[in-house]
There are 6 protein chains.
Amino acid sequence: MLSKIIKPVYAHCDLPCGIYETDTMSHAAATCLRMIEKIEEINPDDFSAESRNAFVRAVQIKEQHARIVKEQLATLWMDYFKPEHVERFPELHELVWQSAKQASQVKQHVSRESCEKLIEDVAKVAEVFAATKR
Amino acid sequence: MLSKIIKPVYAHCDLPCGIYETDTMSHAAATCLRMIEKIEEINPDDFSAESRNAFVRAVQIKEQHARIVKEQLATLWMDYFKPEHVERFPELHELVWQSAKQASQVKQHVSRESCEKLIEDVAKVAEVFAATKR
Amino acid sequence: MLSKIIKPVYAHCDLPCGIYETDTMSHAAATCLRMIEKIEEINPDDFSAESRNAFVRAVQIKEQHARIVKEQLATLWMDYFKPEHVERFPELHELVWQSAKQASQVKQHVSRESCEKLIEDVAKVAEVFAATKR
Amino acid sequence: MLSKIIKPVYAHCDLPCGIYETDTMSHAAATCLRMIEKIEEINPDDFSAESRNAFVRAVQIKEQHARIVKEQLATLWMDYFKPEHVERFPELHELVWQSAKQASQVKQHVSRESCEKLIEDVAKVAEVFAATKR
Amino acid sequence: MLSKIIKPVYAHCDLPCGIYETDTMSHAAATCLRMIEKIEEINPDDFSAESRNAFVRAVQIKEQHARIVKEQLATLWMDYFKPEHVERFPELHELVWQSAKQASQVKQHVSRESCEKLIEDVAKVAEVFAATKR
Amino acid sequence: MLSKIIKPVYAHCDLPCGIYETDTMSHAAATCLRMIEKIEEINPDDFSAESRNAFVRAVQIKEQHARIVKEQLATLWMDYFKPEHVERFPELHELVWQSAKQASQVKQHVSRESCEKLIEDVAKVAEVFAATKR
């Protein structure tokens with residue numbers, strides 16, 4: 001069962017160990033959207049401590065996962081992608097760059113649209129990644 | 001493509017956001033084994049700075065990924081698994097506990113066998129996790 | 001009771017170095033309750049920047065110390081407790097597990113009751129720990 | 001160009017490597033003041049999710065940079081400054097201590113005055129540092 | 001002596017929450033000495049991967065715990081101690097400063113003597129701390 | 001005096017706060033080279049615990065500062081540089097990318113040449129950064 005799971009590789013070190021993946025990044029982008037939903041579930045007229053606690057926590061977790069997206073993008077770009085990949089996918093630099101800037105948008109706003117755009121961007125990077133594996 | 005990847009969920013927060021996964025744990029266990037291979041590739045009679053640098057880095061990365069396995073196990077056990085899961089899988093506590101202790105073995109030794117046992121243990125936890133999702 | 005618990009042992013590594021303690025966990029649980037008091041001291045009708053700054057900081061520090069409780073519980077459970085302890089205290093797995101889930105409750109709510117329950121749970125784990133030392 | 005920049009050294013390790021600087025500390029203090037400005041730009045009557053997100057983030061970044069100031073002060077004081085410096089600048093201990101306490105003030109309040117005082121304090125430490133380099 | 005020192009107070013935040021302690025610092029200093037013992041147990045003629053793994057890990061854990069001592073000293077000094085304490089214990093600044101410098105010595109060497117000196121220094125800080133609590 | 005120091009700005013957050021700098025990156029690259037010197041000062045025939053402790057620590061600090069270079073490069077590239085900068089300096093993506101890959105080389109080897117190349121690369125990024133400020 002494990003062998004099926006570890007095919008998509010893992011983005012983490014520059015030993016280099018040759019193990020990279022795009023799961024973490026995708027899960028983190030999905031979590032940002034989930035936080036928007038959590039924020040939307042909070043009654044905007046409720047300023048009880050309970051409600052404010054929920055708001056602060058949702059912002060923090062959105063912040064943290066948008067940061068994870070940026071870190072994973074940096075690792076894939078700096079450690080995994082090689083000159084031959086850039087030759088084959090000349091838009092790669094721009095794609096990663098725009099995705100990272102989109103992650104900052106997700107931090108700066110409470111916007112379902114921003115998160116959905118991030119999920120799309122990250123999926124495009126994951127597609128390029130998958131293509132280099134074939 | 002992404003939709004297939006993000007089905008297995010992500011282990012990370014106790015908001016709770018309902019997003020959990022076992023990929024990170026599995027990749028980290030696989031990385032520990034990869035570090036053993038890296039250490040085995042080092043000539044044991046070569047004490048050049050270059051070779052010693054490689055050794056220290058491999059130990060550190062093994063340490064770091066065995067730690068990730070333990071953190072992910074803790075998150076799944078503490079945040080994801082619920083009483084109904086324990087009722088259905090009464091061996092769950094012991095399974096997670098032994099897996100964590102195996103991760104410590106991986107830190108303490110340079111042993112291919114220890115790492116393979118960890119990969120198996122982690123796969124069992126992932127199987128139980130997958131079963132609770134069906 | 002606490003004063004009896006604090007024997008100089010420290011929960012921190014899987015070298016293993018044999019130094020474990022339950023102080024950090026107990027202090028962290030106490031800090032969570034202190035944060036609830038800090039939040040209660042804030043005037044709920046005061047939305048000045050000063051007051052909101054205090055609120056955000058109290059939530060963050062509660063979050064951080066509930067996380068410390070969970071980390072310490074994980075370390076004690078995974079590194080310190082051995083099969084002979086589980087044999088002697090068969091409720092150990094459940095006790096640690098429930099305590100961790102209680103720490104999540106403390107994060108999710110602004111509740112004096114939740115914090116007091118956490119302090120009790122953590123004290124029970126500390127008691128078992130102390131008993132294994134005798 | 002670089003050679004001009006790296007003359008002021010870098011505060012970071014106790015190898016010791018002999019590289020210390022006060023830039024990071026100064027930038028971090030300046031960032032705290034910038035956060036106050038960001039908070040002042042937020043409409044106090046606007047409790048939209050967008051506005052609350054901005055508030056929480058500004059508090060967090062202020063918190064983080066006041067912490068950086070404290071960490072850098074600790075590093076300079078503990079690792080860089082030597083007995084001969086204290087002999088030459090007998091007020092050094094008090095100066096660093098008061099600066100650290102001022103950084104705590106910056107965390108605890110939303111106060112332009114507190115931040116300006118911190119910037120001044122940090123500049124005094126940087127001046128002593130620069131004097132020891134001449 | 002240590003047993004007298006351990007009163008339940010915790011060094012950790014500048015909310016301020018009023019909860020401070022010297023346990024963590026004392027345990028961390030003790031751990032450094034334990035690492036020296038672990039290093040001494042390693043056969044100096046054994047350069048197997050197993051033995052080298054043990055050496056690297058012991059150095060890392062010594063490094064980490066000497067860092068914890070320095071962080072705890074910084075927290076106590078910057079957050080807990082007040083002007084009235086310095087007035088009552090005029091040697092306080094020097095005592096904390098020398099203890100921190102001793103922690104750096106512990107990092108830089110593999111020396112039982114250095115660690116024992118650190119334990120003594122830390123105990124003196126803990127004694128002053130305890131005196132301010134009476 | 002401070003005003004002279006804080007002109008070069010600081011790379012750290014995506015609030016965005018508008019404060020960016022290249023000092024940290026330059027200092028970190030210089031520290032990597034310093035670690036090579038420290039390693040070269042170690043007698044290669046000395047396998048005493050003291051000497052091995054020094055080696056492990058130097059590798060760790062090299063590792064840590066090469067990581068700081070990569071993080072700072074990521075922050076500048078993702079947060080500071082805007083489309084107009086890329087238009088004016090079309091080589092920017094490649095320049096940052098190659099610099100990051102050079103930082104990985106610095107981690108993977110004990111090589112004065114690699115570190116000097118990193119210092120040059122980082123200086124080029126700093127030059128582009130400075131040019132965008134004029």
Side-chain angles (χ1 to χ4, degrees), chain A residues 2 5-6 10 12-13 15 17 19 23-25 27-72 103-112 114-115, chain C residues 14 28-71 73-74 99-119 121-122:
Chain A
L2 188 69
I5 293 173
I6 30 175
Y10 185 43
H12 57 150
C13 79
L15 185 72
C17 72
I19 306 185
D23 296 353
T24 304
M25 182 174 72
H27 295 318
T31 303
C32 291
L33 180 57
R34 188 81 193 87
M35 289 309 107
I36 301 297
E37 291 169 2
K38 286 281 176 188
I39 289 172
E40 285 173 354
E41 285 164 21
I42 296 170
N43 179 348
D45 296 327
D46 178 1
F47 290 99
S48 65
E50 189 72 11
S51 174
R52 293 172 73 185
N53 181 65
F55 191 93
V56 172
R57 294 188 75 227
V59 170
Q60 284 180 330
I61 296 174
K62 171 164 74 72
E63 194 78 10
Q64 179 189 346
H65 286 84
R67 183 173 49 70
I68 291 173
V69 171
K70 293 176 81 173
E71 286 171 0
Q72 294 289 315
S104 294
Q105 288 294 313
V106 162
K107 287 185 172 190
Q108 288 159 27
H109 302 290
V110 177
S111 159
R112 180 179 284 271
S114 278
C115 292
Chain C
D14 50 8
T31 302
C32 291
L33 180 57
R34 188 81 193 85
M35 288 310 106
I36 300 296
E37 291 169 2
K38 285 281 175 186
I39 288 173
E40 285 173 353
E41 286 165 20
I42 296 171
N43 179 347
D45 297 327
D46 178 1
F47 290 99
S48 65
E50 189 71 11
S51 175
R52 293 172 73 185
N53 181 65
F55 191 92
V56 172
R57 295 189 75 227
V59 170
Q60 284 181 328
I61 296 174
K62 172 164 72 71
E63 193 79 10
Q64 177 189 347
H65 285 84
R67 182 172 51 70
I68 292 173
V69 171
K70 292 176 82 173
E71 287 171 358
L73 285 168
S99 302
K101 288 192 174 299
Q102 188 59 33
S104 294
Q105 289 294 313
V106 162
K107 288 184 172 189
Q108 289 159 27
H109 302 290
V110 177
S111 158
R112 180 179 284 271
E113 204 177 14
S114 277
C115 293
E116 284 164 354
K117 177 77 169 58
L118 179 63
I119 291 173
D121 285 356
V122 153

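Proteins get letters first, then strands, A, B, ... in listed order; numbering begins at 1 in each.
For residues 103-115 of chain C, heavy-atom neighbours of chain A at less than 4.5 Å comprise C:K107, C:Q108, C:H109, C:V110, sorted by residue number. Contacts from residues 47-59 of chain A to chain C, taken as heavy-atom pairs separated by less than 4.5 Å, involve A:F47, A:A49, A:E50, A:R52, A:N53, A:V56, A:R57 in sequence order.
A distance of 9.5 Å separates CE in C:M35 from CD in C:E41, rounded to the nearest 0.5 Å. Note that CD of C:Q64 and NZ of C:K62 are 12.5 Å apart. Values are rounded to the nearest 0.5 Å. Atom NZ in C:K38 sits 4.5 Å away from atom CZ in C:R34 (nearest 0.5 Å). The distance from atom SG of C:C32 to atom CD of C:E37, rounded to the nearest 0.5 Å, is 11.5 Å. To the nearest 0.5 Å, atom CD of residue C:E63 and atom CD1 of residue A:I61 are 6.5 Å apart. Of the inter-residue distances, the one linking C:K70 atom NZ with C:Q102 atom CD reads 11.5 Å to the nearest 0.5 angstrom.
The two atoms that bring C:A30 and C:I119 nearest to each other are CA-CD1, 4.1 Å, heavy atoms only. In plain terms, the two heavy atoms of C:A29 and C:V69 that are nearest each other are N-CG2, 3.7 Å.
The pair C:E71-C:R67 counts as a salt bridge, with a side-chain nitrogen and a carboxylate oxygen less than 4.0 angstrom apart.
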